[in-house]
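The basis for the numbers below is simple: all heavy atoms, side chains too, and nothing from hydrogens, waters or symmetry mates.
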Amino acid sequence: MEECISVFDMLKIGVGPSSSHTLGPWRAAERFLEELKDESILDQVKRVKVDLYGSLSLTGKGHATDLSVMLGLSGQDPEYIPVDNIAGIIKTIEDTNEIILANKYKIPFYFLQDIVFNKEFLPFHANGLKFTAYKADDSEYESIFYSIGGGFVVKEERTNAKIKEVIKCAFPFPIQNAVELLNYTVSENKSISEIVYENEKSMRPEAEIHSELMRIWNTMLECMYIGCHTGGILPGGLNVRRRAFDMHQNLIGLSNYSDPQSWLEEIRKTEVKFRQILKWVSCFALAVNEVNASLGRVVTAPTNGSAGVIPAVLMYYLVIENHDAGEKEIKQFLMVAGEIGSIFKKGSTISAAMGGCQAEIGVSSSMAAAALCELMGGTPAQVLMAAEIAMEHHLGLTCDPIGGLVQIPCIERNTMGAIKAINAAELALETDSKNAKVPLDKVINTMWQTAKDMNSKYKETSEGGLAIAVNMADC
């Protein structure tokens, strides 16, 4: 059996600004607490220390890794915590030098000493972190985790992955690569979304699939809505001005609406010339990633740094291409996107610390292109072609965030990824798939080879590219 990755693994609700540097460490802290519970020592812990390694250390401050670790140790859930509460929880920890471990046990916690930034890299992955719990009898319990991108977290022993059993499930259509997916669509005479739906039904009831997919979309829609209605300067010290607010005001004018859904309906009434379409798509993507940059709630798709691409392209379809589209098309889009993302995860990486930004914006653009292509009537072969085209033109894209913040160039890159996704879908729709020269699996393999060849300073370390060409003082 192959490893099975659900759509809900690829599209996760959480808090910004980074899936690998914020959500992943947060989840690692939660898992560490679970280990302490399983070992029956949680109530004996008198102190906790966290060591951050590699990329988590080099850009951890800008990505709020230290804050996410504290929130995780406090027993907060990134999927449900009211984002307005985050600042207060952090301030209390910093002011009192105490943390309420698992939201139950108050222990001393000096964040400047108990969170250690180590520049060296651990062997398995660029994003390593170690938790150490000290008990009253001076004994210690430690555990090492790796945040491998997209909010996924694995243990240190996964370095022996070839001989270790990975979590398996019983998908009726287990998929490791694009060729297998295409073969299923042919043999079963189904679309890609239909194949994905059959797999999802093997894991959860249909009603739950429906409700969770719609919860993901409603979170995306709300995120776009918040971003388009929030002005000001983003936190972090770069003094980046939010742009979605002004762009949105110029586009929508004096329209009357009261919530995200009525807002969507009003956008459907606006002018749809080419320039306006470009602006709307860019506005949607900017809005999401400005929310992400300010520790807001987003959907990891497949990462937080690339969270704006998929909602922007789906919103484009709903407000520009098909005004009659609704829940059916939304679910179809998300299932295709999730499946393409899982194939990239299995065959390459979705971690910028491992592969540069091609692993984030490139993958999200590929996911969105494929999903849009199916909604626009593309055959399964054309859908995979759309995914290939989008990634082909992101190959080699570096990750070089200024100041380690998910702001420059990250926010704008989401607009580029969204536009490329739409372009890729249109190219695929106008092409006979029999004439395709580059299969999706080949471009995924090429992306992974490119990632391995890429200098580490271009992999989310802020040690190369724009991150050193432009410094904080310039901003």
Side-chain angles (χ1 to χ4, degrees), residues 3-31 54-56 59 63-65 68 72 78-79 124-129 145-155 158 161 166-167 175 196 212 216 219-220 223 288-289 292 297-311 334-368 370-371 387 391 394 397 399 401 406 410 413-414 417 444 447-448 451 459-460:
E3 182 180 4
C4 296
I5 300 177
S6 167
V7 169
F8 303 108
D9 294 323
M10 299 306 303
L11 305 173
K12 296 190 282 285
I13 298 172
V15 173
S18 171
S19 52
S20 61
H21 286 57
T22 313
L23 183 58
W26 195 325
R27 291 301 189 194
E30 289 182 319
R31 284 182 55 178
S55 181
L56 289 184
T59 61
H63 289 78
T65 305
S68 67
E79 189 168 346
F124 177 54
H125 193 280
N127 294 332
L129 66 165
F145 298 87
Y146 294 93
S147 178
I148 61 173
F152 289 89
V153 177
V154 297
K155 288 284 292 180
R158 279 295 299 276
V166 296
I167 296 173
I175 298 162
V196 177
E212 286 302 295
I216 286 169
T219 301
M220 289 179 170
C223 185
V288 171
N289 286 84
N292 179 64
R297 176 154 285 118
V298 299
V299 176
T300 299
T303 69
N304 283 31
S306 61
V309 176
I310 286 171
L334 294 176
M335 285 190 288
V336 174
E339 184 58 46
I340 296 301
S342 75
I343 293 174
F344 271 97
K345 184 180 184 299
K346 293 168 186 172
S348 184
T349 180
I350 57 171
S351 166
M354 291 295 285
C357 201
Q358 61 175 356
E360 298 203 17
I361 294 295
V363 174
S364 63
S365 185
S366 188
M367 293 165 67
M391 174 50 73
H394 281 95
L397 185 61
C399 181
V406 192
C410 318
R413 280 186 180 167
N414 279 264
I444 292 174
M447 176 198 152
W448 182 230
K459 296 180 182 180
E460 207 167 6

Which atom pair, heavy atoms only, marks the closest approach of [X] to [Y]?
X: G150; Y: T300; answer: O-CG2, 3.7 Å
X: D9; Y: C4; answer: OD2-O, 4.4 Å
X: P401; Y: C399; answer: CD-C, 3.5 Å
X: A370; Y: I340; answer: CB-CG1, 3.6 Å
X: G16; Y: N292; answer: CA-OD1, 3.0 Å
X: W26; Y: P78; answer: NE1-CD, 3.3 Å

Got [X] and [Y] here, is their nearest side-chain heavy-atom distance under 4.5 Å?
X: M220; Y: I310; result: yes
X: M367; Y: L11; result: yes
X: K345; Y: F152; result: yes
X: V154; Y: Y146; result: yes
X: L23; Y: V15; result: no
X: M447; Y: F344; result: yes
X: S366; Y: S364; result: no
X: V336; Y: V196; result: no

Look only at the side chain of [X] and the backbone of [Y], and say whether a donor-acceptor pair between them is shorter than 3.5 Å.
X: H63; Y: T65; value: no
X: S351; Y: G149; value: no
X: K346; Y: I343; value: no
X: N304; Y: S20; value: no
X: R31; Y: V153; value: yes
X: T59; Y: S55; value: yes
X: K12; Y: G151; value: no
X: N414; Y: N289; value: no
X: R297; Y: E79; value: yes
X: K459; Y: C357; value: no

Original post:
Going through the checks in order, is the side-chain contact (heavy atoms from CB on, under 4.5 Å) test met by I5 and M10?
Top reply: CA-CA 8 Å; I5 300 177; M10 299 306 303; 3.8 Å; yes
**OP:** Examine K155 relative to F124 and say whether NZ or CZ is less than 6.0 Å from the centre of the six-membered ring and inside a 45° cone about the ring axis.
**Re:** no
[X] [atom1] to [Y] [atom2] distance, which is reported to the nearest 0.5 Å:
X: E339; Y: I175; atom1: CD; atom2: CD1; result: 4.0 Å
X: E30; Y: F145; atom1: CD; atom2: CZ; result: 11.0 Å
X: L56; Y: E460; atom1: CG; atom2: CD; result: 8.5 Å
X: H125; Y: M354; atom1: NE2; atom2: CE; result: 4.5 Å
X: S18; Y: N127; atom1: OG; atom2: CG; result: 7.5 Å
X: I361; Y: M391; atom1: CD1; atom2: CE; result: 10.0 Å

Original post:
Sequence neighbours excluded, which residues qualify as side chain to side chain donor-acceptor pair (under 3.5 Å) partners of S6?
Top reply: E200, R204
Original post:
Listed by chain and number, what are the side chain to side chain donor-acceptor pair (under 3.5 Å) partners of T303, not counting sequence neighbours?
Top reply: S306, E360
Original post:
Run the side-chain contact (heavy atoms from CB on, under 4.5 Å) check on H394 and S365 step by step: do they pass?
Top reply: CA-CA 9 Å; H394 281 95; S365 185; 3.4 Å; yes
Original post:
Are H21 and S147 linked by a side-chain donor-acceptor pair shorter than 3.5 Å?
Top reply: no
